[in-house]
Protein chains: 2
Amino acid sequence: MPNIIELLRERGVQPTPQRIAVAEFVLTTDTHPSADEVWAKVRDRCPTLSRATVYNTLHLFAERGLLRTQPLREGVAAFDPHVGPHHHFIDEESGEILDVPWDAIRVTGEEALTDFEIRDVQVIFRGRRKRPE
Amino acid sequence: MPNIIELLRERGVQPTPQRIAVAEFVLTTDTHPSADEVWAKVRDRCPTLSRATVYNTLHLFAERGLLRTQPLREGVAAFDPHVGPHHHFIDEESGEILDVPWDAIRVTGEEALTDFEIRDVQVIFRGRRKRPE
DNA sequence: GTTCGTGCAAACGGTTTGCAACAAT
DNA sequence: ATTGTTGCAAACCGTTTGCACGAAC
């Protein structure tokens, strides 16, 4: 476990007590906490910590490459009439979601996930859609 | 394009005017609309339609297999200290998000997506985690 | 004194819930 | 009469914003 304070400094983040407390939890956890879970956990040790500071800190960390924010939780839904299995491409500029045909992509190695009973597999590509020039 | 009313009946959904209007849009679109986008679109033809009815209808359609709700939009974030590329398994019972090592899975066929400049690939598995018995 | 970080409260956007009116059976 | 559907409003939850206080340089 590297020194958290050093780690923050390396990324140009001033190591305030609040940020250290957040970092100690969020950068070492195996879970994928929500902002509120981070707040709840860290408040034990830093009771004055506000939600705003948690959000500020998490966004700062993400910006500096210390963590990634993943839209993996339910909350804001996209409704898709295409019921069969298929994949998705998300245009990071426009936010557009496009279907990628199931047959175009092959995913191998699932057998290794012996602890899991897999009911759905989906590949999510992110990037830019090439515009016709 | 099959008859929408028949389609609803087949799935045991009473074809009310509101549901038909929602279905005509959401079951035939190529986009992946949010609930609000559905509401905005369908209100043109059915101005008394309320948001609640849209949500009710979309959930009902999802329950009956007419569409799928995909958590692909930003909104509720999970923060992940694992910055490098990797995949995820989501336990549908507990909601737990687990890391799947990058090297365990191989995705092939991306070359076919010539229209896209892919910056990130991620496989999302959903299912049940096998509990030790 | 200027910049940066924090905390509070309010606002915001998407979603859910409770309830009364209505339609269908 | 019972059930199912709708519409409105309020509540709710996660997130964002505005602002004032305080700390650090």
Side-chain angles (χ1 to χ4, degrees), chain A residues 4-5 8-9 11-26 31-64 66-80 95 97, chain B residues 4-5 8-9 11-23 26 31-64 66-80 95 97:
Chain A
I4 292 278
I5 295 176
L8 295 183
R9 284 220 178 88
R11 303 297 178 111
V13 176
Q14 285 202 33
T16 68
Q18 292 85 345
R19 287 172 179 174
I20 295 166
V22 170
E24 278 176 349
F25 170 60
V26 83
T31 67
H32 297 65
S34 67
D36 233 64
E37 283 165 9
V38 174
W39 184 57
K41 257 287 199 296
V42 180
R43 232 184 344 165
D44 295 348
R45 313 160 69 198
C46 186
T48 73
L49 185 73
S50 73
R51 251 184 267 253
T53 298
V54 170
Y55 278 102
N56 285 340
T57 303
L58 292 173
H59 291 156
L60 181 61
F61 286 1
E63 197 181 295
R64 301 298 162 91
L66 287 164
L67 51 77
R68 290 180 74 178
T69 97
Q70 303 265 10
L72 294 173
R73 291 169 171 260
E74 308 290 329
V76 187
F79 296 91
D80 188 345
I97 301 167
Chain B
I4 292 277
I5 295 177
L8 296 182
R9 283 220 179 90
R11 304 297 177 110
V13 176
Q14 285 201 32
T16 69
Q18 292 84 344
R19 287 171 179 173
I20 295 167
V22 170
V26 83
T31 68
H32 296 67
S34 67
D36 235 61
E37 284 165 8
V38 174
W39 184 57
K41 256 291 199 290
V42 179
R43 230 183 345 164
D44 295 348
R45 313 160 69 197
C46 186
T48 73
L49 185 73
S50 72
R51 251 183 268 254
T53 298
V54 170
Y55 278 102
N56 285 340
T57 302
L58 291 173
H59 290 156
L60 180 62
F61 286 1
E63 198 181 293
R64 300 298 162 87
L66 288 164
L67 51 77
R68 291 180 71 177
T69 97
Q70 303 265 11
L72 294 174
R73 288 167 174 261
E74 307 291 328
V76 186
F79 295 91
D80 189 344
I97 301 168

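Proteins come first, then strands; the chains are lettered A, B, ... in the order of their sequence lines, and each starts at number 1.
B/D36 is linked by a side chain to side chain contact (heavy atoms under 4.5 Å, CB included) to B/S34, B/W39, B/R51, counting only residues two or more places apart in sequence or in another chain. With sequence neighbours left out, the side-chain hydrogen bond (donor to acceptor under 3.5 Å, both in side chains) criterion links A/Q18 to no other residue. Considering only residues two or more places apart in sequence or on other chains, A/S50 meets the side-chain hydrogen bond (donor to acceptor under 3.5 Å, both in side chains) condition with A/T53. Not counting sequence neighbours, the partners of B/A78 by the side chain to side chain contact (heavy atoms under 4.5 Å, CB included) test are A/H32, A/R73, B/I97. In this view, B/A35 and A/F79, B/Y55, B/L58 satisfy the side chain to side chain contact (heavy atoms under 4.5 Å, CB included) rule, not counting sequence neighbours. By the side chain to side chain contact (heavy atoms under 4.5 Å, CB included) test, B/R9 pairs with B/I5, B/E6, B/P15, sequence neighbours left out. Residues satisfying the side-chain hydrogen bond (donor to acceptor under 3.5 Å, both in side chains) test with A/R68, not counting sequence neighbours, are B/D120.
The nearest pair of heavy atoms linking B/V26 to B/P33 is CG2-CG, 4.1 Å. Heavy-atom minimum distance, B/A77 versus A/T69: CB-CB, 4.3 Å. For the residue pair A/V38 and A/F25, the shortest heavy atom distance occurs at CA-CE2, 3.9 Å.
Remark: nothing in residues 67-79 of chain A comes within less than 4.0 Å of DNA chain D through any heavy atom. A heavy-atom distance below 4.0 Å to DNA chain D is reached by these residues of residues 47-60 of chain A, ordered by number: A/R51, A/A52, A/Y55, A/H59. Proximity of residues 32-45 of chain B to DNA chain C (heavy atom under 4.0 angstrom from any strand atom) is restricted to B/A35.
A donor-acceptor pair under 3.5 Å is formed between the side chain of B/R64 and the backbone N or O of B/G12.
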Solution key, residues 40-49 of chain B side-chain donor-acceptor pairs under 3.5 Å, sequence neighbours excluded:
| residue | atom | partner | partner atom | Å |
| --- | --- | --- | --- | --- |
| B/R45 | NH1 | B/E24 | OE1 | 3.2 |
| B/R45 | NH2 | B/E24 | OE1 | 2.8 |

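Between A/Q18 and the phosphate of C/dG7, there is a side-chain N or O to OP1/OP2 separation shorter than 4.0 Å.
A residue-by-residue look at B/Q14 and A/Q14 shows that B/Q14 has its nearest nucleotide of DNA chain D further toward the 5' end.
Distance CD (A/E63) to P (C/dG5): 11 Å, rounded to an integer number of Å. Rounded to whole angstrom, the span from the CG atom of B/L8 across to the C1' atom of C/dA24 amounts to 17 Å.
Extent of DNA chain D lying under 4.0 Å from chain A heavy atoms, first and last nucleotide in 5' to 3' order, is D/dG14 to D/dT17.
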Next item on the list: Step by step, work out the side-chain contact (heavy atoms from CB on, under 4.5 Å) result for A/L8 and A/Q14.
Entry: CA-CA 7 Å; A/L8 295 183; A/Q14 285 202 33; over 6 Å; no
